[in-house]
Amino acid sequence: MTTPRGRSLTLRDLEVTGEGGRRILYVPRLQIAAGSAVAVRGPSGAGKTTLLYALAGLVSPAAGRILWDDEDIAPLGEPARAAFRRRTVGFVFQEHLLFEELSAPGNAALAALYTAATERAAIRARAAEQLSRLGLDRSAARRSDSYSGGERQRIAVARALAADPDVILADEPTASLDRANADRLADDLVALARHEGRTLITVSHDPAVHARADRVLDIADGRLAADTAQGAPGAAHA
Amino acid sequence: MPDAFLDGWAALPVWLADLLLFLALLAPAFLLGALVLRGFAIGPLLSALLRRQVWVSVVFVALIAISVGLGAGLIAQERGLRQGTAPAADKFELVVAAPGSEITAMLAAVYLQPSDLPLLDGETYDRIASHERVEIVAPLGFGDSWRDAPVVGTTAEFVAYLSEGLAEGRHFAAEYEAVAGARVPLGVGDAFSPAHGIGDAAEHGAHGDLEYEVVGRMPLTGSPWDRALMVPIESVWSVHGLANGHGPGWDGEIGPPFAPAYFPGTPAALVRADSLAANYGLQAEFSTETTMAFFPGTVLARLHALMGDIRQAMSVLAVITQVLVTAGVLAGLMMLTRLLAKRLALLRALGAPRRFIFALTWSFAVTLISTGAALGLLLGVAATRAISSIITARTDVLVSARLAWPELHLVAGFVSLTAVLALLPAFLTMNRPVIRDLRG
C-alpha cells in the first residue's frame, strides 16, 4: 500500500437530531486512520446514512466535532462545507445518479463544471484515467444510459475520484447490482482507494463489502454498537 | 437627465440611437448572466437538462413565442398599415364632400371603400371647379364593378395626375373607354361589361350590352386604385339613367367643364390647388354648412394617431400577457425542477456550490425565455406578413411587414425583465433541502 494521503477522522460527541430535536445519531468517540477502508453496517433506520451525510457535511450536527485531520467541519456554514466536499470528498450513492444525457466522461468529470477554470483540465484528465482503470468506454458520443447497471455504478466511482479526493464516502454502492457486478465494484472501490491511500468509508449491507474492509462499524439505534477490526491486507487501524 | 445628454442623444443618427437603446434594454439580462454564470461551465449540464425535458421545454418555448409574437406582430402590423396607407393618400391633397364623416368620405374617395355618401350638387361643384386657385378638380362616380375591380367614374385629367404617366396605352378620350389599374387583369384592347353594384350583390347584365374598351394601363401606385377601372364620369352617370353632366348641344367631348344644371352629383370632389397655401385657403373656404373640405393626409394622421393609441393600449395588454405567460412558465419551471430535484441535490452532495444550482436553474429558464422570444419575433413578423398580404389583396394598399427596431426593443425589454423574474425560481431551487431530495 502507498503512504496514506487520505485524511484521518475523529468524531467527538457527535449528535445529530431530527425533527422536533429527536436524537437520531450519537457517537461519543470514533477515530479512523487515514487511508483505511471502513465499512458501516446496521439495520435500516439505524443511522448509517445519517452518519455518512454528517461526515460529508451534508447534515449539520446538533453537537460535537467532526475532525478530518485537524479540520472540524461541524461548525462550518453551508458554503464552507460545500467547498470541503468539493475539495476533500468523493461520493458514491446507492443509485448511480448519473445525468443520462451526458457521456461517461461527461458524468465522470462533472466536478469540472463548478470548479475553478484552472482545475478543469486536471479533473477531466483524472476522470478519463479512472474510466480507463475501471475498464469503461471513454467515448464522448455514447450516452451514459446506454451502459449496464454495473458500468454506470463504475462511472459513478470514476466521478467520485475525478476531483482527486482524500476521502471516499459510499452509500450502499452495491445495493442495486447483481452479485458479479457487486463483487467487481467492491473490488474496484477498495483497490482505487488503497491505490492512492485514500480513506474509504462505505455504508453497506453487503458482506462482500464488509469482507474487503479494514474495519467494520456496527450502528444500531443511532449508536455505535460495535467496532471490529479485520485483518485485511494493508489495513491501517486507529 | 442632463440637457447635454439629451442633446447628444438627439444628435445621434436614428439607427445608432435605436441600436444603443436595444443594447441598453438587453444589458440587464447580459449583466445578470455574467454575474450569475461567473466561474461556471454550465453548458453541458444545461444541454443535458434541456434534452431531458425536451417536450416540456418545447411547450414552454411555444407559449412564450406565441405571447411575444402577439406583441411584436401588433407593433409591426400597425406600422405596416401606417406606412402602407400614407403613400396611398399622397396624391389626394384636398377632398370636398357633403357634410358628414371625414373618415367615411376619405375611405370612399381615397381608398375606394363602398359607402353611402350624400352628394355634392352641380352648383357647388362648379364653384370649386371655377375657383381661380384650383388647378385640378375631379368628380367621382361609384356603383359598378367588374369582377372584384370597382369601376370608378372620373376625368382623364385626374387619371393622368394620379398615374404620372401611363404604363401602357393612352388615357380615355371617349365615353366607353377605360384605363385599368396595374393589378386589374385586363390588357389594352380588352373589353369588359360592368356589373351594377359591387361584390356578391353585383347584378351582372344590369347595364345590358354595355362594354368598355381598355385603352390604357396605369403603373403600380401601391394604392387601391391599382385594382380599379377608371372610366369617364359621363358614362357612369349615363348608364345609371342620369344626366351626363353636359347640357343640350354637347359635342361629345368628355371631361370638364360640366354644366351645373346637368350635373347629377358627386360624393366627393378631388381637388388640387396651385399651391400648398392655396390648399389651406380652399379648405377654409369650403368648410361651410353645406360642404366639408378636408386634407386626407390630416384625417389619416388622426386615424394613425388613434391606431397608435389603440396599439399602445394593446401593446400594454400584450406585454402583460407576455409577463403572465412567462410567470406561468417560471411556475412550471419550479415544478419541473422538482422532477430534477434528485440530480440537483446530487450536485450539491458532490460539492457544487449553491450558486451553481442557482446558475443552472436560471440559465435553464433564460434559455427557454430567450429562445421563445426570438421565435416569437419571427412568428410575429411571419404572422404580420400573412395578415399584410391579406390586407393588400383585399384593399390594394401595399402593407409590408418587416422586422424593425421597435419589435427588437420590445423583445430586448421582455428578455431582461423576465431574466430578472427568473431569479426567483432559481433562488427557491437553490435552497431546496439536499438530504430530502437525495432520498427522493
Side-chain angles (χ1 to χ4, degrees), chain A residues 16 18-19 49-50 52-54 56-60 77-103 105-120 123-124 140 143-145 156 159-160 162-163 165 169 171, chain B residues 34-58 336-364 367 426-440:
Chain A
V16 179
E19 285 176 19
T49 299
T50 301
L52 207 63
Y53 287 167
L58 284 168
V59 171
S60 289
E78 167 28 54
R81 281 187 277 135
F84 165 78
R85 282 196 295 278
R86 207 156 51 240
R87 202 175 58 238
T88 312
V89 178
F91 228 122
V92 182
F93 296 90
Q94 177 175 346
E95 298 166 72
H96 44 76
L97 290 179
L98 299 180
F99 286 87
E100 285 87 352
E101 296 76 14
L102 296 180
S103 63
N107 270 292
L110 209 54
L113 306 183
Y114 48 78
T115 45
T118 50
E119 296 172 30
R120 286 176 194 157
I123 289 173
R124 290 194 180 106
R143 283 166 56 114
S144 57
D145 56 2
R159 179 177 65 194
L169 301 177
D171 186 13
Chain B
L35 277 175
V36 170
L37 304 178
R38 182 173 42 91
F40 300 137
I42 58 154
L45 261 189
L46 175 61
S47 161
L49 292 186
L50 288 168
R51 278 180 283 157
R52 188 179 192 87
Q53 303 293 342
V54 65
W55 290 113
V56 178
S57 301
V58 165
L336 190 63
T337 53
R338 287 188 184 182
L339 298 176
L340 302 168
K342 196 160 192 171
R343 273 161 183 79
L344 297 178
L346 162 83
L347 290 168
R348 296 272 310 277
L350 293 178
R354 279 199 296 192
R355 198 169 67 78
F356 181 76
I357 307 301
F358 183 88
L360 188 62
T361 315
W362 183 82
S363 56
F364 187 74
T367 301
F427 178 79
L428 295 173
T429 305
M430 167 182 91
N431 287 308
R432 288 185 63 84
V434 178
I435 302 297
R436 199 176 70 193
D437 285 347
L438 266 181
R439 287 177 168 156

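Predicted model only: the values in this text are computed from it and were never measured. Each chain gets a letter, A, B and so on, in the order the sequences are listed, and its residues count up from 1.
- Proximity to chain B involves both the backbone and the side chain of Glu100(A), based on heavy atoms less than 4.5 angstrom apart.
- Between Phe40(B) and Arg355(B) the shortest side-chain heavy-atom distance falls below 4.5 Å.
- For chain A, the option among Ile42(B), Leu347(B), Leu360(B) with the highest count of heavy-atom pairs below 4.5 Å is Leu347(B).
- Looking at Arg348(B), both its backbone and its side chain come within 4.5 Å of chain A, counting heavy atoms on both sides.
- Of the atoms belonging to Arg87(A), not a single heavy atom falls under 4.5 Å from chain B.
- When heavy atoms are compared at a cutoff of 4.5 Å, Leu49(B) approaches chain A solely by way of its side chain, counted from C-beta outward.
- Of the atoms belonging to Leu110(A), it is side-chain heavy atoms, and not backbone ones, that fall under 4.5 Å from chain B.
- Residue Phe356(B) touches chain A through its side chain alone, counting heavy-atom pairs closer than 4.5 Å.
- Of all the listed residues (Gln94(A), Arg143(A), Arg85(A), Glu95(A)), the one sharing the greatest number of non-hydrogen pairs under 4.5 Å with chain B is Arg85(A).
- Using a 4.5 Å cut-off between heavy atoms, Leu438(B) contacts chain A through its side chain alone, with no backbone atom that close.
- Residue Thr115(A) touches chain B through its backbone alone, counting heavy-atom pairs closer than 4.5 Å.
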Assess the residue pair Phe358(B) and Thr429(B) against the criterion (side-chain contact (heavy atoms from CB on, under 4.5 Å)); give the C-alpha distance rounded to whole Å, side-chain angles, the decisive distance to 0.1 Å, and a yes or no.
CA-CA 7 Å; Phe358(B) 183 88; Thr429(B) 305; over 6 Å; no
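- With hydrogens and angles disregarded, a donor-acceptor distance shorter than 3.5 Å links the side chain of Thr361(B) to the backbone of Ile357(B).
- Counting all heavy atoms, side chain and backbone alike, Ala352(B) lies closest to Ala82(A) at O-CB, 4.3 Å.
- Note that the CG atom of Leu58(A) and the CG atom of Leu52(A) stand 8.5 Å from one another [nearest 0.5 Å].
- The closest side-chain heavy-atom distance from Ser363(B) to Val36(B) is not below 4.5 Å.
- In this structure, the portion of Arg159(A) lying under 4.5 Å from any heavy atom of chain B is its side chain and not its backbone.
- Only the side chain of Phe93(A) comes within less than 4.5 Å of a heavy atom in chain B; its backbone stays farther off.
- Arg439(B) CZ: more than 12 foreign heavy atoms inside a 6.0 Å radius.
- One distance of note links CD of Glu119(A) with CZ of Arg86(A); it measures 9.0 Å at 0.5 Å rounding.
- Contact annotation for Leu98(A): only backbone heavy atoms (N, CA, C, O) come within less than 4.5 Å of a heavy atom of chain B.
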From CA spacing to verdict: side-chain contact (heavy atoms from CB on, under 4.5 Å), Tyr53(A), Asp171(A)
CA-CA 9 Å; Tyr53(A) 287 167; Asp171(A) 186 13; 4.0 Å; yes
